[in-house]
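Structure, as structure tokens:
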Amino acid sequence: MSRRKAFGLDNQTIARTLGEIADLLEIKNENPFKIRAYRNGADIAANHPHQLATLDLPALREIPGIGKDLAARIREMSETGGCAYHQELVAEFPATVLDLLHLQGVGPKTVATFYRELHVRTIDDLEQAAKSGRVRALRGMGAKKEALILKALEERKRFAGRHLLSEATEAASGVAAYLREFSPAATIDVVGSLRRGCDTCGDLDLLASGASAELMDAFVRYPLVERVLGRGDTKSSVLVRRGFQVDLRLVAHDSRGAALQYFTGSKAHNIALRDRAIGLGLKLNEYGVFRLADEAKVAGVTEEEVYAALGLELVPPELREDRGEIVRAADRSLPRLLERTDVRGDLHVHTSESDGRDDLADMLRAAADAGLEYVAVTDHTQSLTMANGLDESRALAHAARIRALDRRHGIRVLAGVECDILPDGSLDLDDDCLAALDLVVASVHSAFNQDRREMTDRFLRAIENPHVDIIAHPTGRMLLKREPYAVDIEAVVDAAARQGVALEINSQAHRLDLNDVNATLARDRGARIVISSDAHSRQGFDALAWGVIVGRRAWLEPRHVANTLPFDAFKAGLRRNRAR
DNA sequence: GCCGTTTTCGGCCCGACTGTTTTCAGTCG
């Protein structure tokens with residue numbers, strides 16, 4: 001297989017361009033279905049497990065949602081690095097107006113008006129226009145709208161919008177607990193992208209079923225509320241401390257199932273579901289499933305019943321992305337998704353010997369308390385001096401201490417290291433040392449700015465080292481902070497599959513790396529996958545829950561994840577222990 | 001712009017809230 005990638009054009013870049021075309025068409029007030037087609041195309045590109053730039057025209061057109069035009073645009077981008085249609089649109093509306101779309105309460109129509117009437121091109125232009133009272137003078141606007149825009153501009157500066165899954169979960173739990181206390185008879189559910197387990201969340205969606213109207217008053221009076229964005233009888237939105245937008249919807253008890261389904265999304269999943277409903281002579285909304293013929297309600301109390309009315313088995317929330325789950329639900333062949341309790345071992349754990357907070361014995365006890373059957377202790381190596389990384393002699397001495405504690409705290413142990421992959425792809429400890437350990441996790445912590453070729457070769461060389469068992473956090477992304485390294489993940493996955501090296505889903509909430517899409521790719525290409533906590537303290541094992549969610553979003557079953565195996569079977573399956 | 005076992009034309013998911021509108025457009029999810 002050729003690894004040459006024209007312009008190194010990745011799916012995210014294609015997705016961004018298609019998304020911008022959709023935004024610009026929206027500002028132009030184009031055909032909404034054309035806009036949807038581009039939006040859908042962007043979504044497909046962002047979530048496609050294989051590099052679209054490597055596909056030819058017929059292969060692109062085989063992807064549902066990619067037709068003649070989109071396929072041609074993707075090919076054009078792959079070959080030239082640009083897209084004439086996109087440039088044409090940018091000539092009409094400067095790309096900077098797209099920033100305006102991200103402001104709360106500002107949509108494409110408003111952006112078009114600002115640009116046409118006030119020549120607003122940038123966020124700063126808009127701020128000046130609003131401050132000088134020019135916004136309120138526009139037709140359809142007023143003093144209130146102008147004040148709202150100034151507020152949105154201020155908030156944009158304060159809150160950059162998105163939140164880690166872990167933080168969002170914590171914030172949502174707080175609001176939900178408050179609402180449950182106020183209205184014990186109601187059922188409070190967390191829905192939206194949080195329920196689907198997305199790695200970051202823009203806002204938090206809560207659903208209250210069977211609550212009295214007073215719950216809405218209680219909601220907008222939640223002590224952490226900083227601002228009420230909207231207040232209605234059945235729907236309200238607030239901003240709470242630390243920049244979380246929280247939306248609450250109220251429905252009757254007998255619509256809970258339909259509302260859970262509706263507000264969990266995703267949008268693409270719901271559209272596909274409603275389409276299916278229509279085909280069955282039914283209508284699906286947040287209140288239930290209804291016969292089109294006579295409006296009779298046929299389901300809505302539980303989610304199971306809603307899916308059943310559509311001839312489907314219940315789809316786990318993590319799969320609701322319109323990535324084939326509906327067909328599988330119709331066949332009753334959805335996977336038996338991984339669960340936290342399936343994970344028996346943790347293969348990436350730090351102690352105070354390097355940069356962990358707790359000592360070896362405490363970490364082993366905590367791992368046992370977390371219900372684990374085995375744990376690999378993998379402290380950093382010497383090139384990470386600020387983490388007090390181990391050289392060969394310390395690594396071997398540490399390994400002896402680790403092995404001495406095997407079974408001592410009710411848990412089996414493996415003596416390992418998290419060995420740095422140096423910029424040239426060689427490893428940070430010599431081969432004799434690595435060979436003397438039970439397990440070697442290898443990862444990149446330096447020279448992040450290497451180009452795609454160098455970084456990819458660096459990983460490939462590390463994978464070729466026979467002492468490497470696992471590659472940790474393979475793309476190096478830091479959610480909301482740092483993009484992934486420029487690396488050809490497909491090439492890394494293929495090499496790992498060939499060499500029997502496992503790829504890690506790192507469970508740290510700011511990493512979640514591999515992500516769901518890449519984990520699916522790894523599974524498809526036959527690479528071994530492990531889910532590890534990267535714990536740096538006794539509490540760090542809790543993070544495994546996040547990694548499991550990523551695995552679920554990647555459709556992983558227990559059999560796809562090596563550390564669901566019992567200790568002996570896992571150990572025997574390690575690359576170093578297999579006859580080659 | 002995409003799609004098709006009744007279709008190559010004519011469809012394409014649905015509802016709540018806000019502000020400025022005297023009946024509705026825009027935004028959001």
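Here the structure is a predicted model, which means the values were calculated and not measured. Letters go in sequence order (proteins before strands), and every chain restarts at 1.
- Between the C1' atoms of B:dG19 and B:dC12, the separation comes to 30 Å (whole Å).
- A:S507 approaches A:I531 most closely through the heavy-atom pair OG-CG2, 3.6 Å.
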message: Working note: A:D516 + A:W555, criterion side-chain contact (heavy atoms from CB on, under 4.5 Å); need CA distance, chi angles, decisive distance, verdict.
response: CA-CA 8 Å; A:D516 53 355; A:W555 293 56; over 6 Å; no

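- The nearest whole Å value for the distance from the OH atom in A:Y287 to the C1' atom in B:dC14 is 10 Å.
- Considering only side-chain atoms of A:R249, the nucleotide from B:dG29, B:dA16, B:dC14 that sits closest is B:dA16.
- Using atom C1' as the reference point in both B:dC17 and B:dT21, the two lie 15 Å apart (nearest Å).
- Close to B:dC28, at under 4.0 Å from its OP1 or OP2, lies no side-chain N or O of A:Q245.
- In this structure, A:L282 places its CG atom 15 Å from C1' of B:dC14, rounding to the nearest Å.
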query: Does the pair A:R323 and A:R553 meet the rule for a side-chain contact (heavy atoms from CB on, under 4.5 Å), with working shown?
result: CA-CA 10 Å; A:R323 297 180 192 166; A:R553 287 183 57 80; 4.0 Å; yes

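- Rounded to the nearest Å, the gap between the P atom of B:dC2 and that of B:dT7 is 22 Å.
- Partners of A:Q87 under the side chain to side chain contact (heavy atoms under 4.5 Å, CB included) rule, at least two apart in sequence or in another chain, do not exist in this structure.
- Looking at residues two or more places apart in sequence or on another chain, you find no side chain to side chain contact (heavy atoms under 4.5 Å, CB included) involving A:A137.
- With DNA chain B read from its 5' end, the first of the two nearest nucleotides for A:I278 and A:R231 is the one closest to A:I278.
- Neither OP1 nor OP2 of B:dA16 sits under 4.0 Å from any side-chain N or O of A:Y262.
- For A:D69, the side-chain atoms get nearest to B:dG1 when compared with the rest of B:dG1, B:dG15, B:dG19.
- Listed by residue number, the members of residues 96-121 of chain A with any heavy atom below 4.0 angstrom from DNA chain B are A:L103, A:Q104, A:G105, A:V106, A:G107, A:P108, A:K109, A:T110.
- Taking atom C1' on both B:dT20 and B:dA25, the two are 10 Å apart, rounded to the nearest angstrom.
- Among the protein residues, A:K68 comes within range of the sugar-phosphate backbone only, with heavy atoms under 4.0 Å from sugar or phosphate atoms but none that close to a base.
- Side-chain nitrogen and oxygen atoms of A:R39 include none within less than 4.0 Å of the OP1 or OP2 phosphate oxygen of B:dG1.
- Looking at heavy-atom distances under 4.0 Å, A:R276 makes no contact with the nucleic acid at all.
- The shortest heavy-atom contact between A:A272 and A:D322 is CB-OD1, 3.9 Å.
- Taking the O4'-C1'-N9-C4 or O4'-C1'-N1-C2 dihedral as appropriate, B:dT22 has a value more than 90° from 0 and is therefore anti.
- Atoms CD1 (A:I271) and P (B:dG15) sit 14 Å apart, rounded to a whole Å.
- Straight-line distance from the CD atom of A:E62 to the C1' atom of B:dC3: 16 Å, rounded to whole Å.
- Classification of A:E92 and A:K28 as a salt-bridged pair holds, one side-chain N sitting under 4.0 Å from a carboxylate O.
- Separation of the P atoms belonging to B:dG10 and B:dG15 is 26 Å when rounded to the nearest angstrom.
- Under the Watson-Crick and G-U wobble criteria, each requiring two contacts below 3.5 Å, nucleotide B:dT8 is left unpaired.
- Taking the C1' atoms as reference points, B:dT8 lies 10 Å from B:dC3, given to the whole Å.
- Checking B:dC14, B:dG15, B:dT20 against every side-chain atom of A:K144, the shortest atom distance belongs to B:dT20.
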Can you name the atoms? Protein N/O to nucleotides 21-23 of chain B N/O, anything below 3.5 Å, with the distance.
none

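- The phosphate of B:dC17 has OP1 or OP2 within less than 4.0 Å of a side-chain N or O from A:T234.
- Residues from residues 17-37 of chain A with heavy atoms under 4.0 angstrom of DNA chain B, sorted by number: A:N31, A:F33, A:K34, A:R36, A:A37.
- Using a 4.0 Å heavy-atom distance criterion, A:D275 is classed as making no nucleic acid contact.
- With rounding to whole Å, A:E286 atom CD is found 13 Å from B:dC28 atom C1'.
- No side-chain donor from either of A:Q508 and A:D513 sits under 3.5 Å from a side-chain acceptor of the other.
- Residue A:A258 is classed as having no contact, given no heavy-atom separation below 4.0 Å to the nucleic acid.
- Salt bridge A:K151/A:E226: absent, no basic N to carboxylate O contact under 4.0 Å.
- A:I149 has its CD1 atom 14 Å from the P atom of B:dG26, to the nearest Å.
- The C1' atoms of B:dT18 and B:dT23 are separated by 15 Å, rounded to the nearest whole Å.
- Between A:L284 atom CG and B:dC14 atom P the separation is 9 Å, expressed in whole Å.
- Salt-bridge check for A:R249 with A:D205: failed, with every basic side-chain N at 4.0 Å or more from each acidic carboxylate O.
- The shortest distance between the side-chain N/O atoms of A:N285 and the OP1/OP2 oxygens of B:dG15 is below 4.0 Å.
- A side-chain donor from one of A:H86 and A:E20 sits under 3.5 Å from a side-chain acceptor of the other.
- For A:E305, the salt bridge (Lys or Arg N to Asp or Glu O under 4.0 Å) test picks out no residue, with sequence neighbours left out.
- Between the NZ atom of A:K235 and the P atom of B:dT18 there is a distance of 9 Å, given to the nearest Å.
- Checking A:D10 against A:T13 by side-chain atom types alone, a donor-acceptor pair falls below 3.5 Å.
- Residue A:L250 comes nearest to A:M216 through the heavy atom pair CD1-CE, 4.0 Å, listed as atom of the first residue, atom of the second, then distance.
- With B:dG19, B:dG1, B:dA16 as the candidates, the nucleotide lying closest to the side chain of A:Y38 is B:dG1.
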